[in-house]
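One structure is given below, encoded as structure tokens.
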Amino acid sequence: MIRPYSSYYKIYIVDEAEKMTVQAQNALLKTIEEPPEYAVILLLTNNIGGLLPTIQSRCVRLDLKVVDDGLVKKYLMEHLHVPDYQAEIDASFAQGSIGRAKEATSQEFAEMTQNALRILKYANTMEVYELSDAIKSLSEDKQNINDYLDIFQFWFRDVLMFKATQEIDNLVFKQEINFIREQAKQRSYENLENILDSIQKTKVRLKANVNFDLAFELLFLTIREK
């Protein structure tokens, strides 16, 4: 009912639209079917199946592609003046999203990355009590746990890639090449594939509300195997 103040259009954005209840989606039907002439309504979702067929049929669907890592890195370096090495990590973490890349430039993310790397570099030599402390520190930062798991994935992909190619150009954590080289020597291809699979399973388990400590104990047991 409130018209735009200074332009022809007024834009409404519903983020994570798939999280709307059936009742909420039904409440939007009439507005989406007959919006005011000045209204543009954007329903953002990464799961189109979460929207009712009646909602989908009243919308124009636009499938957006991810932005190339090279372009994300260039943006971070030119517009936000992020150093080359950090821009490469942030771009990989962003997985094609400029918004996520900008979030990764924060001091909080830098500290989280360093904490994750400390765990990853020494996980296979940690004592049991040190692993318990590591799990506890992750548990205290649950709101960022998916970001931690993404960093874990990038690390072991680097180890796997270096083991297969002996090249560092395409590594995310190339500044940690000494640790990556050592782990590539110690670990088998099967072990690295099992770790990457276990990280993905941990993400699924956490979404299913499996006990946090148990999920990470299983993950670290796999990481400690060689």
Side-chain angles (χ1 to χ4, degrees), residues 1-82 87 89-113 138-154 199-212 215:
M1 295 173 62
I2 302 174
R3 300 186 65 86
Y5 297 116
S6 59
S7 64
Y8 185 75
Y9 291 106
K10 190 165 187 177
I11 299 173
Y12 298 85
I13 300 175
V14 181
D15 197 9
E16 297 184 316
E18 75 281 359
K19 292 184 178 180
M20 288 190 294
T21 63
V22 171
Q23 292 84 355
Q25 292 187 48
N26 282 325
L28 276 180
L29 277 177
K30 183 170 177 57
T31 303
I32 290 176
E33 191 169 24
E34 299 178 1
E37 60 179 10
Y38 53 79
V40 177
I41 302 171
L42 303 178
L43 306 181
L44 309 186
T45 180
N46 57 14
N47 177 18
I48 191 67
L51 298 179
L52 296 174
T54 47
I55 289 283
Q56 294 185 44
S57 67
R58 287 163 171 78
C59 295
V60 175
R61 176 170 170 172
L62 301 175
D63 293 315
L64 305 181
K65 292 181 169 56
V66 298
V67 181
D68 181 76
D69 281 359
L71 292 177
V72 176
K73 178 181 176 181
K74 182 179 179 182
Y75 174 87
L76 293 175
M77 292 176 66
E78 292 182 357
H79 294 272
L80 300 181
H81 310 294
V82 177
I89 293 177
D90 295 346
S92 298
F93 168 80
Q95 299 180 47
S97 167
I98 291 289
R100 198 170 187 223
K102 291 169 72 174
E103 291 176 5
T105 62
S106 67
Q107 181 62 31
E108 180 187 12
F109 181 78
E111 292 173 358
M112 182 179 64
T113 301
L138 294 174
S139 179
E140 292 171 351
D141 197 14
K142 284 182 181 178
Q143 70 272 18
N144 293 318
I145 201 60
N146 283 325
D147 294 341
Y148 272 105
L149 289 170
D150 284 344
I151 293 170
F152 286 11
Q153 278 186 320
F154 295 141
I199 293 170
Q200 192 59 41
K201 285 180 179 176
T202 301
K203 291 183 177 182
V204 173
R205 286 167 178 155
L206 292 178
K207 285 184 179 179
N209 290 321
V210 170
N211 180 273
F212 184 95

Could you go through Ile2 and Lys10, starting from their C-alpha distance and side-chain angles, then the distance that decides it, and tell me whether this counts as side-chain contact (heavy atoms from CB on, under 4.5 Å)? CA-CA 9 Å; Ile2 302 174; Lys10 190 165 187 177; 3.6 Å; yes

Between Thr202 and Ala215 the two heavy atoms that sit nearest each other are OG1-O, 4.1 Å

Closest heavy-atom pair and its distance - Val66, Gly96: CB-CA, 3.7 Å

Of the non-hydrogen atoms in Cys59 and Ile32, which two are nearest, and what is the gap between them? SG-CG2, 4.1 Å

Does the side chain of Lys201 come within less than 4.5 Å of Val210's, by heavy atoms? no

Test item: Lys102 side-chain N/O and Leu80 main-chain N/O as donor-acceptor pair under 3.5 Å: no

Nearest 0.5 Å, please: how far is CG in Asp15 from CG in Leu43? 10.5 Å

Please report the interatomic distance OH(Tyr148) to CD(Gln153), rounded to the nearest 0.5 Å. 16.0 Å

Please report the interatomic distance CG(Asp90) to OG1(Thr113), rounded to the nearest 0.5 Å. 7.0 Å

Say you draw a straight line from CD of Glu16 to CG of Asn47; how long is it, rounded to the nearest 0.5 Å? 11.5 Å

Side chain to side chain donor-acceptor pair (under 3.5 Å) partners for Asn144, two or more places apart: Glu108, Asp141

Is the backbone of Met20 close enough, under 3.5 Å, to the side chain of Gln25 for a donor and an acceptor to pair up by distance? yes

Is a side-chain donor or acceptor of Ser97 paired with a backbone partner of Ala94 at a separation under 3.5 angstrom? no

In terms of heavy-atom contacts, Leu51 and Gln56 come closest through O-NE2, 2.9 Å

Looking only at heavy atoms, what is the nearest atom pair of Phe93 and Phe154, with distance? CA-CE1, 3.4 Å

Quick one, Leu149 and Leu206 - any side-chain contact, counting heavy atoms below 4.5 Å? yes

Residue set satisfying salt bridge (Lys or Arg N to Asp or Glu O under 4.0 Å) with Glu34, at least two apart, ordered chain then number -> Lys30

Of all pairs that satisfy salt bridge (Lys or Arg N to Asp or Glu O under 4.0 Å), the ones with a partner from residues 20-29, not counting sequence neighbours: none

Does a sphere of radius 6.0 Å around NZ in Lys203 hold more than 12 heavy atoms from other residues, nucleotides or ligands, not counting ones at 6.0 Å or beyond? yes

With heavy-atom distances below 4.5 Å as the criterion, would you say the side chains of His79 and Ile98 are in contact? no

Say you draw a straight line from CG of Leu29 to CG of Leu52; how long is it, rounded to the nearest 0.5 Å? 7.0 Å

For the residue pair Ala91 and Leu76, what are the closest heavy atoms and their distance? N-CD1, 4.2 Å

For Thr45, check side chain to side chain donor-acceptor pair (under 3.5 Å) against everything at least two apart and list the hits. Glu18

Distance in Å, Asn46 CG paired with Leu64 CG, rounded so as to fall on 0.5 Å steps: 11.5 Å

With heavy-atom distances below 4.5 Å as the criterion, would you say the side chains of Phe109 and Glu103 are in contact? no

Selection residues 51-68 - residue pairs positive for salt bridge (Lys or Arg N to Asp or Glu O under 4.0 Å), sequence neighbours left out: Glu33-Arg58, Arg61-Asp63

Can you pull the ring-ring contact (aromatic ring centres under 6.0 Å, His included) pairs that have at least one residue in residues 11-30, sequence neighbours excluded? none

